[in-house]
Amino acid sequence: EHPDALRTVLIWFSEPERVGFHYLAMAAHSGVGPYFFFFAFLAVKTLFDACMGRIKPGSSQGQSNFQKCRRDFMNQMMPASQFHKLSELFGTHYEATSIFARMLGAKVGKHVYWPGTGPSVQDWDLIEIGNDVVFGSRSHIVTTDANGSDRVKINSGAMVADRVVLLPGVEMGEKTVMGSGALTRRNGYYADGTTWVGSKNGEALCLSQPDRNSTAATSVSRRTEQYY
């Protein structure tokens with residue numbers, strides 16, 4: 001007489017000990033897995049930096065195939081979604097996200113508001129973020145294109161809203177606002193206190209110039225204080 005194989009398997013998997021180990025493994029994957037993956041990635045990045053130096057601005061002609069392969073490999077290994085799994089463990093404690101960004105090579109100031117999703121960053125070594133900066137969701141900081149790599153600098157009090165794309169070489173002035181859907185031009189400078197949205201002919205549209213007599217320019221920096 002042959003036993004019921006399916007029934008035997010179900011009984012084996014439903015034993016209390018195995019169910020407990022299953023939930024323990026799920027908890028470890030959610031709570032410990034992101035840490036393990038991040039520090040493994042950090043170890044690989046540190047090894048690359050020690051052997052080849054940190055990623056620096058430069059034209060694409062001056063980059064070897066190995067350097068390009070290294071960048072693509074690192075981007076695939078730590079996409080924005082994977083970094084988000086780590087940062088979301090801390091809830092509203094946004095300083096922890098800033099600490100992790102600094103560990104990856106970014107220059108990050110104080111009181112930076114990080115969103116629930118994004119921004120995606122190509123090369124952490126090539127971004128500089130000031131104090132009291134606010135990020136919206138699903139934005140992209142592009143530091144490398146077909147022409148080469150360059151830094152992206154976001155000065156204090158600036159705001160990068162939802163679905164913004166910052167291209168290589170961009171610098172946002174203090175208290176500058178990139179509104180939803182803004183697409184910058186490469187190597188563009190966006191003056192202090194200005195507001196930009198959307199895109200036309202490869203350049204974001206300027207909505208307003210700074211009002212030196214208004215206190216509204218301080219609203220972005222004040223907005224971040226409520227989270228700390």
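Note that the structure is predicted; figures quoted are calculated from it, not measured. Numbers here simply count residues along the sequence, with the first being 1.
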A.B. asks: Looking at every non-hydrogen atom in both residues, tell me the closest pair between M78 and F83 and how far apart they are.
C.D. replies: SD-N, 3.7 Å
A.B. asks: Output all residues satisfying salt bridge (charged side-chain N to carboxylate O under 4.0 Å, His left out) with R151, sequence neighbours left out; order by chain, then residue number.
C.D. replies: none
A.B. asks: In terms of hydrophobic clusters joined by side-chain contacts under 4.5 Å, are L89 and F36 together?
C.D. replies: no
A.B. asks: For atom NZ of K56, is the number of surrounding heavy atoms from other residues, nucleotides or ligands below 6.0 Å larger than 12?
C.D. replies: no
A.B. asks: Out of curiosity, does F41 fall in the hydrophobic cluster containing I127 (side-chain heavy atoms, cut-off under 4.5 Å, transitive links)?
C.D. replies: yes
A.B. asks: State, to 0.1 Å, how close V164 and G181 come at their nearest heavy-atom pair, and which atoms those are.
C.D. replies: CG2-N, 4.3 Å
A.B. asks: Is M178 reachable from V197 through a run of hydrophobic residues whose side-chain heavy atoms are each under 4.5 Å from the next?
C.D. replies: no
A.B. asks: Give the minimum heavy-atom separation between I129 and V112, together with the two atoms involved.
C.D. replies: CG2-CG2, 4.1 Å
A.B. asks: Rounded to the nearest 0.5 Å, what separation is found between the CG atom of L47 and the SG atom of C51?
C.D. replies: 4.5 Å
A.B. asks: In terms of heavy-atom contacts, does CD of E15 have more than 12 from other residues, nucleotides or ligands at under 6.0 Å?
C.D. replies: yes
A.B. asks: Going by ring pair (Phe, Tyr, Trp, His ring centres under 6.0 Å), name the pairs with one or both residues in residues 127-171, residues two or more places apart or in two chains.
C.D. replies: W114-F135
A.B. asks: Please set out all donor-acceptor pairs under 3.5 angstrom arising from side-chain atoms of residues 100-107, sequence neighbours excluded.
C.D. replies:
| residue | atom | partner | partner atom | Å |
| --- | --- | --- | --- | --- |
| R102 | NE | V108 | O | 2.9 |
| R102 | NH1 | E95 | OE2 | 3.1 |
| R102 | NH2 | E95 | OE2 | 3.2 |
| R102 | NH2 | V108 | O | 3.2 |
| R102 | NH2 | G109 | O | 2.9 |

A.B. asks: Measuring from L42:CG to Y35:OH, what's the distance to the nearest 0.5 Å?
C.D. replies: 14.5 Å
A.B. asks: For residues 152-161, dump all side-chain donor-acceptor pairs below 3.5 Å to protein atoms at least two apart in sequence or in another chain.
C.D. replies:
| residue | atom | partner | partner atom | Å |
| --- | --- | --- | --- | --- |
| N155 | ND2 | E171 | OE2 | 3.1 |
| N155 | ND2 | M172 | O | 2.7 |
| S156 | OG | N131 | N | 3.0 |

A.B. asks: Apply side chain to side chain contact (heavy atoms under 4.5 Å, CB included) to V44 and list each qualifying residue two or more places apart in sequence or on a separate chain.
C.D. replies: F48, F73, M74, M77
A.B. asks: Does V177 share a hydrophobic cluster with W196, counting links as ILVMFWY side-chain heavy atoms below 4.5 Å and allowing steps through other members?
C.D. replies: yes
A.B. asks: Taking the side chain as everything from C-beta on, heavy atoms only, tell me whether S137 gets closer than 4.5 Å to D162.
C.D. replies: yes
A.B. asks: What residues, two or more places apart in sequence or in another chain, satisfy salt bridge (charged side-chain N to carboxylate O under 4.0 Å, His left out) together with E128?
C.D. replies: none
A.B. asks: Quick one: does K85's side chain get under 4.5 Å of F37's, heavy atoms only?
C.D. replies: no
A.B. asks: Atom CG in D145, atom CG in N147: separation rounded to 0.5 Å?
C.D. replies: 4.5 Å
A.B. asks: Do any N or O atoms from the side chain of S59 and from the backbone of G148 form a donor-acceptor pair under 3.5 angstrom?
C.D. replies: no
A.B. asks: Distance check, rounded to the nearest 0.5 Å: S64 atom OG versus R70 atom CZ?
C.D. replies: 9.5 Å
A.B. asks: Do Y190 and R185 pass the side chain to side chain contact (heavy atoms under 4.5 Å, CB included) test, and can you show the C-alpha distance, the side-chain angles, and the key distance before you say yes or no?
C.D. replies: CA-CA 10 Å; Y190 299 89; R185 60 181 171 85; 3.6 Å; yes
A.B. asks: Set out, in order, the CA-CA distance, both residues' side-chain angles and the distance that settles side chain to side chain donor-acceptor pair (under 3.5 Å) for Q63 and T144, then state yes or no.
C.D. replies: CA-CA 11 Å; Q63 298 175 0; T144 301; 5.5 Å; no
A.B. asks: Taking all heavy atoms of K200 and all of L205, pick out the closest pair and write down the distance.
C.D. replies: CB-CD2, 3.5 Å
A.B. asks: So if you build clusters from Ile, Leu, Val, Met, Phe, Trp, Tyr with side-chain heavy-atom gaps below 4.5 Å, do V32 and F39 land together?
C.D. replies: no
A.B. asks: To the nearest 0.5 angstrom, please state how far the OG1 atom of T194 sits from the CG atom of D192.
C.D. replies: 7.5 Å
A.B. asks: If you look at every heavy atom in D150 and R186, which pair is closest and at what distance?
C.D. replies: OD2-NH1, 4.3 Å
A.B. asks: In Å, rounded to the nearest 0.5 Å, how long is the span from NE2 of H111 to OG of S98?
C.D. replies: 9.5 Å
A.B. asks: Can you give me the closest heavy-atom contact between I55 and R71, atom names plus distance?
C.D. replies: CG2-NH2, 3.3 Å
